[in-house]
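For reference, the structure discussed in these notes is given below.
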Amino acid sequence: MNITDIILVTENHKGSETNSLMDFMDFLDFAVKESWLSLKELAEDMAVLGRTCGGKEKWMESCFAENTTLFARYCADETQLEVFLQGGYNTDKEWKFDEQRCSENCLDYLKALGISTDKRSWQEHGQMKKLDEHRSRLQNQFSLFYALSQNELATDSIKSEAVKAMYEEFGTGRQEVFTKNLADGKYDPDLAHEIKQQKTRGI
């Protein structure tokens with residue numbers, strides 16, 4: 001199986017969304033069993049599904065039962081697969097991933113790639129990524145101030161302002177102390193405050 005053989009499937013029932021991964025035969029079987037489509041409508045939807053190959057934006061959309069809409073497309077690449085598994089295409093914040101609906105070979109393919117289907121794992125992964133980015137940003141900021149404070153070409157006032165900024169932002173002007181504090185998570189609460197502000201602003 002190739003990653004482009006995987007079909008990304010989202011069923012929206014009364015606003016509640018369920019994601020799954022299927023190969024073509026399982027998807028066709030699912031659509032026939034679950035839908036109230038005529039064979040003509042089903043054939044038309046399969047044609048639309050086929051045209052999703054190679055692109056990233058187009059999805060097949062079918063209202064195949066009362067209050068139920070099916071969205072599906074062939075996976076374009078690993079990045080799109082990860083976005084799908086993280087709920088990047090869902091409008092329902094409480095979406096779920098149903099392994100019982102998935103084709104076994106799709107799940108086996110995910111395991112081979114080392115990709116988790118667990119929603120909590122992706123949330124933790126996202127939090128770790130934000131933490132790494134936060135610490136990298138602080139490291140760059142401190143390095144800039146420290147370099148200015150040590151620059152022989154800088155004026156005394158610039159050096160003084162750089163030292164002042166280090167103490168105001170990080171509580172130290174010593175590189176080894178900053179590095180230890182960063183590794184120990186002393187500056188991590190700043191990230192929690194930043195995320196809270198973003199949520200307040202609706203970002």
Side-chain angles (χ1 to χ4, degrees), residues 2-6 8 10 17 19 21 52-59 71 73-97 106 109-203:
N2 295 317
I3 196 166
T4 51
D5 295 327
I6 295 175
L8 313 177
T10 297
E17 294 179 332
N19 292 350
L21 304 173
T52 66
C53 293
K56 289 192 176 182
E57 303 302 324
K58 191 172 181 62
W59 288 72
F71 300 90
R73 62 155 293 117
Y74 278 100
C75 185
D77 51 35
E78 189 171 332
T79 298
Q80 186 179 60
L81 177 60
E82 291 183 350
V83 171
F84 178 76
L85 292 172
Q86 294 176 60
Y89 299 107
N90 292 93
T91 56
D92 173 22
K93 292 183 179 180
E94 300 302 319
W95 62 274
K96 65 178 181 179
F97 185 86
C106 292
Y109 189 85
L110 289 186
K111 289 178 182 177
L113 291 177
I115 296 177
S116 172
T117 62
D118 182 63
K119 186 176 180 181
R120 182 176 296 178
S121 293
W122 279 111
Q123 290 172 337
E124 292 173 353
H125 174 74
Q127 291 171 351
M128 288 302 299
K129 184 177 180 181
K130 285 182 179 179
L131 179 60
D132 288 343
E133 291 172 348
H134 172 71
R135 290 184 177 182
S136 178
R137 187 167 58 250
L138 294 182
Q139 179 68 68
N140 291 337
Q141 188 178 7
F142 181 86
S143 295
L144 174 61
F145 291 149
Y146 187 81
L148 285 174
S149 71
Q150 302 296 312
N151 193 328
E152 295 180 357
L153 299 178
T155 63
D156 289 341
S157 61
I158 290 177
K159 291 180 181 180
S160 176
E161 286 299 317
V163 171
K164 180 181 177 182
M166 282 190 288
Y167 275 93
E168 287 180 348
E169 294 291 328
F170 309 110
T172 183
R174 295 170 56 191
Q175 202 164 31
E176 65 276 14
V177 174
F178 166 78
T179 301
K180 184 178 185 305
N181 288 343
L182 187 68
D184 290 344
K186 183 175 180 179
Y187 307 119
D188 292 350
D190 295 337
L191 174 62
H193 178 67
E194 179 182 318
I195 293 175
K196 184 177 180 180
Q197 285 185 322
Q198 289 177 351
K199 288 182 178 179
T200 301
R201 295 195 299 267
I203 296 177

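These numbers were taken from a predicted model, which means no experiment stands behind them.
The main-chain N or O of Asn90 is never found under 3.5 Å from a side-chain atom of Glu17 such that the two would form a donor-acceptor pair.
When all heavy atoms of Thr52 and Lys58 are compared, the closest pair comes out as CG2-O, 3.5 Å. A pairwise comparison of heavy atoms in Tyr74 and Asp5 identifies CE2-O, 3.9 Å as the closest pair. Summarising the geometry of Cys75 relative to Asp77, their closest heavy-atom pair is SG-O, 3.2 Å, with the distance given to 0.1 Å.
Contact check for Leu8 versus Asn19: no side-chain heavy atoms found under the 4.5 Å cut-off. Between Thr10 and Tyr89, the closest side-chain pair of non-hydrogen atoms is not below 4.5 Å. Contact annotation: the side chain of Phe84 approaches that of Leu21 to within less than 4.5 Å [non-hydrogen atoms, C-beta and beyond]. For the pair Leu110/Cys106, no side-chain contact is recorded, criterion being any heavy-atom separation below 4.5 Å from C-beta on. Under the 4.5 Å side-chain criterion, counting only non-hydrogen atoms from C-beta, Phe170 is in contact with Phe145. A 4.5 Å side-chain heavy-atom check between Gln139 and Phe178 finds at least one atom pair inside the cut-off.
Between atom NZ of residue Lys186 and atom OG1 of residue Thr172 there is a gap of 8.0 Å, rounded to the nearest 0.5 Å. Rounded to the nearest 0.5 angstrom, Gln80 CD and Ile6 CD1 are separated by 10.5 Å. A distance of 12.5 Å separates CD of Glu78 from OG1 of Thr4, quoted to the nearest 0.5 Å. Note that CE of Met166 and CD of Gln141 are 11.0 Å apart. Values are rounded to the nearest 0.5 Å. Rounding to the nearest 0.5 Å places CD1 of Ile3 at 4.5 Å from OH of Tyr109. The line from OG1 of Thr179 to CZ of Arg174 is 11.0 Å long, rounded to the nearest 0.5 Å.
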Side chain to side chain contact (heavy atoms under 4.5 Å, CB included) evaluation trace for Gln175 with Phe142
CA-CA 8 Å; Gln175 202 164 31; Phe142 181 86; 4.0 Å; yes

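Contacts classified as side chain to side chain donor-acceptor pair (under 3.5 Å) and involving residues 148-157 (residues at least two apart or in different chains) are given here: Thr155-Ser157.
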